[in-house]
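A short worksheet on the structure shown next.
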Number of protein chains: 2
Amino acid sequence: MGGQGGGPGAPRAVDVARLAGVSQKTVSRVFNGERYVSAEVRERVLRAAEGVGYRLNGAARALASGRTRSIGVVTLGTALYGPASLLICIERAARDAGYALRVVNTLEGDPAGVAGAVESLLEQGVDGIVVSEPIDEGSVSLSVDIPVLVLGAPAAFGGPRAVAAGVGAESLARAATEHLLDLGHVTVHHLAGPQRWFAARDRLQGWRAALAAREREQPPVIEGDWSASSGYTAGHELAAAGDVTAVFAANDDMAVGLIRALLEAGLRVPHDVSVVGFDDIPVSAYVTPPLTTVRQPFDAVAREGLRLLVQAIEKPDAEPAPAGDPPVELVVRASTAPPPTGGGRPAPGSRDSAHAPPTTAD
Amino acid sequence: MGGQGGGPGAPRAVDVARLAGVSQKTVSRVFNGERYVSAEVRERVLRAAEGVGYRLNGAARALASGRTRSIGVVTLGTALYGPASLLICIERAARDAGYALRVVNTLEGDPAGVAGAVESLLEQGVDGIVVSEPIDEGSVSLSVDIPVLVLGAPAAFGGPRAVAAGVGAESLARAATEHLLDLGHVTVHHLAGPQRWFAARDRLQGWRAALAAREREQPPVIEGDWSASSGYTAGHELAAAGDVTAVFAANDDMAVGLIRALLEAGLRVPHDVSVVGFDDIPVSAYVTPPLTTVRQPFDAVAREGLRLLVQAIEKPDAEPAPAGDPPVELVVRASTAPPPTGGGRPAPGSRDSAHAPPTTAD
DNA sequence: TTGAAAGCGCTAACAT
DNA sequence: ATGTTAGCGCTTTCAA
């Protein structure tokens with residue numbers, strides 16, 4: 001059970017082999033789950049290995065086989081709910097697929113950025129790379145010849161051997177907007193995320209698509225920076241505008257700031273203005289009023305994306321199976337209601353549930 | 001500039017050497033920044049390397065040198081603000097110290113848990129391990145003989161070669177509690193985190209210490225699970241109790257749920273009940289009322305911890321310099337005020353700022 | 001200041 | 001079903 005590090009003196013396969021009375025290659029076979037090892041020999045080898053505290057040496061394995069069995073992740077160094085959640089799901093999906101994870105963060109505004117991060121991963125040694133929710137820092141063309149999975153951005157972003165998967169942000173944004181239109185709002189304002197983020201652009205597109213589909217006017221877009229503070233500023237602007245009955249915010253943090261500003265301006269939510277967020281952060285069911293929002297299918301997307309990536313690694317020739325559309329999950333709570341004067345079709349029953357117990361529609 | 005993967009055919013040091021007209025060893029010297037390479041030769045080598053798109057092979061390097069130049073992190077697979085933020089700071093600190101990161105998540109309640117994660121890191125090859133905010137799953141004694149940094153738990157947790165660092169949760173909790181006592185509250189209730197978490201225990205201890213120092217009664221502790229939902233439940237219990245004027249919640253999520261329940265019970269915050277949270281999550285300045293909370297010095301702690309770890313890796317004999325106490329940062333907003341009837345000393349001026357603009361005392 | 005030789009611990013290809 | 005022989009691409013001696 002002892003944990004001999006990788007240091008000198010650590011037991012090697014040949015030590016195990018000697019102890020078990022077999023060749024070193026047989027030990028290798030056992031530890032790689034190869035066929036053609038009798039149950040009896042396998043048993044003997046495993047016992048010997050445990051006896052000396054043997055552990056495979058990843059570096060030697062990688063050097064000899066040319067495969068590292070690890071995947072590199074380039075992600076933005078931010079605790080924002082979305083990216084953080086996605087990283088966790090990627091780790092689990094990778095582990096389930098038998099790959100370890102190497103992680104490099106990039107900073108927003110970093111000149112070297114994604115390209116530098118990829119370079120460092122390549123040097124460390126990875127079989128594939130996940131570029132998670134990159135932001136558009138200008139033309140960063142990666143020329144890598146290992147497979148790359150681009151999560152939440154165009155596959156073109158990742159070079160020749162790239163596959164892509166997305167959370168379906170556009171569909172989610174569309175669903176959020178449609179929810180408001182369905183309630184009878186004539187149009188919906190949008191508090192967008194920073195447009196250098198593909199994630200923010202997708203949400204903007206979804207909002208546009210929903211309005212366009214019903215031939216509604218598209219009010220001018222306000223751009224925030226994901227922070228509650230920027231939502232707060234936007235909220236005061238919108239309150240001053242006066243003609244706002246519904247807002248779709250590109251994330252929950254901004255929605256919270258927005259709602260606060262509206263309340264301060266004397267507007268009631270949802271009675272006067274309805275607000276929908278995006279993310280379903282942990283507190284969103286308990287803020288006042290509980291926030292209607294959409295939930296991103298991180299787990300499904302990470303799993304699906306890694307399936308594609310692993311396939312590209314292990315079966316480079318196989319046709320990449322198309323990624324299925326991830327599910328759309330709208331969580332209706334108390335921050336949305338029909339417009340005050342029935343701006344559109346009269347909606348069925350109004351409510352003011354600022355103090356109603358939070359509900360989650362799962 | 002091209003990105004030859006690690007695949008076969010990738011340029012090796014010997015190719016660069018040939019091109020530059022030097023020995024392979026000299027190339028190695030250049031890329032390791034060793035002395036005794038003339039500026040002219042170095043220049044020639046670098047040019048040749050760039051010409052063929054050479055990149056060091058991490059696996060070969062690790063195998064030959066016995067050092068991987070990477071650090072493994074064992075962290076809980078959760079998007080909770082604290083752990084997620086800490087991970088980001090660890091990555092940056094590691095990178096700044098010249099180490100790459102391998103990450104393995106554990107799941108709460110996983111039987112294999114931390115031990116399994118450590119085992120997998122050891123097999124992949126790391127020079128040191130960071131165990132970040134572990135939870136106590138029973139006696140998990142790690143016997144590893146590479147250095148281990150335990151973040152937010154007793155060093156004993158990490159075996160013989162362990163060093164430890166903490167965010168100073170106890171001091172932070174104590175400051176939060178004292179803030180309430182200073183406002184004149186006779187005592188402070190505590191909504192604790194799950195006690196399997198060391199982080200939760202530390203906060204509980206800090207709260208106890210603050211009350212004990214002033215010889216105040218310690219009301220029964222309510223234990224939540226970090227979620228806003230558990231805070232909500234606790235809030236209804238506390239509202240029913242009737243004699244509560246101040247609550248210290250072990251994180252902001254629970255504080256938000258708690259406040260919502262209090263509001264529903266007809267209690268005003270902070271007029272009737274003051275609430276302090278823990279974390280300073282992104283929305284905390286914009287919820288209603290803006291939340292008074294404490295901020296954890298993640299960056300300082302990660303940096304300090306990694307300094308210790310790297311020292312243990314690179315200079316095993318040097319005495320580990322003691323970790324300095326991290327700073328305590330209390331962020332006073334509008335969720336705290338003197339008690340309604342002046343439970344203690346009459347406090348200077350009361351306020352009800354449920355709708356006041358959020359303020360952050362930095 | 002530079003070079004030559006000998007492994008690091010494993011997997012791959014080819015025996016048997 | 002098992003063993004033998006060569007490397008993988010570096011770093012580490014040691015020599016020049």
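Source: prediction; values computed, not measured. Residue numbering restarts at 1 for every chain, and letters A, B, ... go by the order of the sequence lines.
Each of C:dT2, D:dT11, C:dG9 was ranked by its minimum atom distance to the side chain of A:Arg12; first place goes to C:dG9. Set against D:dC10, C:dT2, C:dC10, the side chain of B:Leu56 has D:dC10 as its closest nucleotide. In the set C:dT2, D:dT11, D:dG9, D:dG9 carries the atom at the smallest distance from any side-chain atom of A:Leu63. Candidate nucleotides D:dG9, C:dG9, C:dT2 were compared by shortest atom distance to the side chain of B:Val41, and C:dT2 ranks first. Of the candidates D:dG9, C:dG3, C:dT11, D:dG9 carries the atom nearest the B:Ala60 side chain, counting heavy atoms from C-beta on.
We find that CZ of B:Arg61 is positioned 19 Å from P of D:dC8, with the value rounded to whole Å. As a whole-Å value, the separation of B:Glu123 CD from C:dG9 P is 15 Å. Remark: P of C:dT11 and CD of A:Gln24 are 7 Å apart, rounded to the nearest angstrom. In this structure, B:Arg29 atom CZ and D:dC14 atom C1' are separated by 11 Å, rounded to whole Å. As rounded to whole Å, 17 Å separates atom C1' of D:dA1 from atom CD of A:Glu43. Summarising the geometry, the separation between CZ on B:Arg44 and P on C:dT1 is reported as 15 Å, rounded to the nearest angstrom. Here the P atom of nucleotide C:dC10 and the CD atom of B:Gln124 are 16 Å apart, to the nearest Å. The distance between atom NZ of B:Lys25 and atom P of C:dG7, rounded to the nearest whole Å, is 17 Å.
Residue A:Arg55 places no side-chain atom within donor-acceptor reach of the base of C:dG9, judged by atom type and a 3.5 Å distance cut-off alone.
Along DNA chain C, the nucleotide nearest to B:Gly21 and the one nearest to B:Ala64 differ in position, and the one closer to the 5' end is contacted by B:Gly21. Positionally, the nearest nucleotide of DNA chain C for B:Tyr36 lies more toward the 5' end than for the other of A:Ala62 and B:Tyr36.
For the OP1/OP2 pair of C:dC8 and a distance below 4.0 Å, the side-chain nitrogens and oxygens of A:Asn57 include no atom meeting the criterion. Note on A:Ser28: a side-chain N or O is less than 4.0 Å away from OP1 or OP2 of C:dT11. Side-chain N/O atoms of A:Thr26 include none lying less than 4.0 angstrom from OP1 or OP2 on D:dA1. Between A:Ser65 and C:dA12 there is no side-chain polar atom (N or O) within less than 4.0 angstrom of OP1 or OP2. Contact annotation: A:Ser23 side-chain N/O to D:dG3 OP1/OP2 distance is under 4.0 Å.
When side chains are defined from C-beta on, A:Asp299 counts as touching A:Arg92, because their heavy atoms get closer than 4.5 Å.
Panel note: side chain B:Gln124, backbone B:Ser120; a donor-acceptor pair is recorded below 3.5 Å. Not one N or O on the side chain of A:Asp136 forms a donor-acceptor pair closer than 3.5 Å with the backbone of A:Arg196.
Side-chain contact annotation: A:Arg95 with B:Asn105, donor-acceptor N/O pair under 3.5 Å absent.
Within the nucleic acid shown, B:Val14 has no heavy atom closer than 4.0 Å to any nucleic acid atom. Using a 4.0 Å heavy-atom criterion, one finds that B:Arg35 contacts no nucleic acid atom at all.
Annotation for B:Leu149 and B:Leu306: closest pair CD2-N, 3.9 Å, computed over non-hydrogen atoms.
Electrostatic pairing of A:Glu304 and A:Arg307 counts as a salt bridge here, judged by a charged N lying under 4.0 Å from a carboxylate O.
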